[in-house]
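Here, residue 1 is the first one in the sequence, and each next residue gets the next number.
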Amino acid sequence: MAPFLVLFLAGVVAASRGDREPVYRDCVTLCERNNCTGSRLTDFRAEQPLYMRVTGWTCLDDCRYQCMWYTVSLYLKEGHEVPQFHGKWPFSRFLFFQEPASALASFLNGVASLLMLLRYRSSVPSSCQMYRTCLAFSMVSVNAWFWSTIFHTRDTALTEKMDYFCASSVILHSIYLCCMSA
């Protein structure tokens with residue numbers, strides 16, 4: 001019975017308040033129609049900075065971003081709270097970073113994990129009983145922070161899944177590590 005309830009509710013919670021907003025949807029439709037077809041699309045691509053192209057920002061993505069902030073400004077002007085869009089709170093993009101502070105924090109955590117991995121390898125003899133298990137945990141952690149950095153830089157379906165799956169692998173490996181060392 002529970003799986004059917006979950007499937008039923010999945011259809012009910014399909015969108016966030018912001019992306020259900022008619023102003024937002026109309027803005028995106030109009031922006032896409034006016035800027036993302038024919039010669040206007042060619043102009044967009046010609047004017048788009050290289051770093052935005054390399055990280056996969058499309059004309060539609062830019063329309064969604066601009067319309068999100070337009071909708072937020074209307075909400076604030078009318079005294080309403082800032083809504084979520086596509087399941088996430090609005091963040092100001094910096095260069096190609098979708099969530100700059102989160103990307104920086106993830107990157108620094110990744111660097112710290114990598115430095116600890118290198119320190120571990122240089123100071124712990126490989127003959128130690130848990131050496132390979134701890135080494136694997138460090139590699140799983142570095143990988144998770146890598147994908148977290150990528151996800152917070154550019155949120156796509158793939159980067160979101162990789163971030164969540166890799167974070168889950170750190171948790172599962174932590175449980176395994178605790179059980180093995182007990």
Side-chain angles (χ1 to χ4, degrees), residues 1-19 45 48-62 64-65 68-69 82-182:
M1 178 67 177
F4 294 113
L5 182 60
V6 169
L7 288 174
F8 173 74
L9 291 175
V12 175
V13 292
S16 299
R17 183 174 165 201
D19 43 291
R45 289 180 179 152
Q48 185 183 33
L50 178 63
Y51 59 84
M52 295 292 280
R53 249 185 317 223
V54 169
T55 52
W57 285 92
T58 65
C59 184
L60 178 59
D61 292 332
D62 202 54
R64 288 180 179 148
Y65 180 78
M68 174 186 70
W69 285 111
V82 173
Q84 287 187 331
F85 292 84
H86 307 286
K88 295 167 181 71
W89 295 107
F91 283 92
S92 292
R93 184 172 64 197
F94 174 71
L95 297 175
F96 57 86
F97 292 98
Q98 198 159 348
E99 300 174 20
S102 298
L104 178 62
S106 294
F107 175 76
L108 293 175
N109 277 317
V111 168
S113 293
L114 181 61
L115 291 175
M116 288 309 296
L117 167 65
L118 297 174
R119 184 174 178 189
Y120 180 81
R121 288 182 69 190
S122 68
S123 62
V124 176
S126 61
S127 59
C128 286
Q129 183 180 4
M130 295 293 292
Y131 181 83
R132 287 194 173 125
T133 304
C134 292
L135 191 65
F137 176 73
S138 295
M139 290 179 188
V140 167
S141 296
V142 168
N143 183 58
W145 288 117
F146 169 80
W147 281 106
S148 179
T149 303
I150 299 300
F151 168 67
H152 291 297
T153 299
R154 181 71 176 97
D155 180 354
T156 65
L158 173 66
T159 61
E160 181 177 31
K161 286 175 181 62
M162 291 303 294
D163 178 37
Y164 294 162
F165 291 150
C166 291
S168 298
S169 70
V170 170
I171 294 168
L172 293 173
H173 206 289
S174 296
I175 294 168
Y176 174 74
L177 192 59
C178 288
C179 293
M180 292 302 295
S181 62

Please round to the nearest 0.5 Å and tell me the distance separating atom [atom1] of [X] and atom [atom2] of [Y].
X	Y	atom1	atom2	result
F107	H152	CZ	NE2	14.5 Å
R132	S127	CZ	OG	10.5 Å
C166	H173	SG	NE2	12.5 Å
C134	R121	SG	CZ	13.5 Å
L115	S138	CG	OG	11.5 Å
W69	F85	CH2	CZ	8.5 Å

Please answer whether the main-chain N or O of [Y] pairs with a side-chain N or O of [X] as donor and acceptor at a distance below 3.5 Å.
X	Y	result
S148	W145	no
S106	S102	yes
N109	A105	yes
T153	A103	no
S113	V142	no

Taking C-beta and beyond as the side chain, do [X] and [Y] meet within less than 4.5 Å on heavy atoms?
X	Y	value
V170	F137	yes
M130	V124	no
Y164	F151	yes
R154	I150	no
Y131	Y120	yes

If you look at every heavy atom in [X] and [Y], which pair is closest and at what distance?
X	Y	value
M139	L117	CG-CD2, 4.3 Å
V140	S169	CG1-OG, 3.4 Å
D155	E160	OD1-CB, 4.2 Å

| message | Please determine whether the number of non-hydrogen atoms from other residues, nucleotides or ligands lying under 6.0 Å from atom CZ of F165 exceeds 12. | response |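 Open.
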| R53, CZ: over 12 other non-hydrogen atoms inside 6.0 angstrom |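 Correct, the count exceeds 12.
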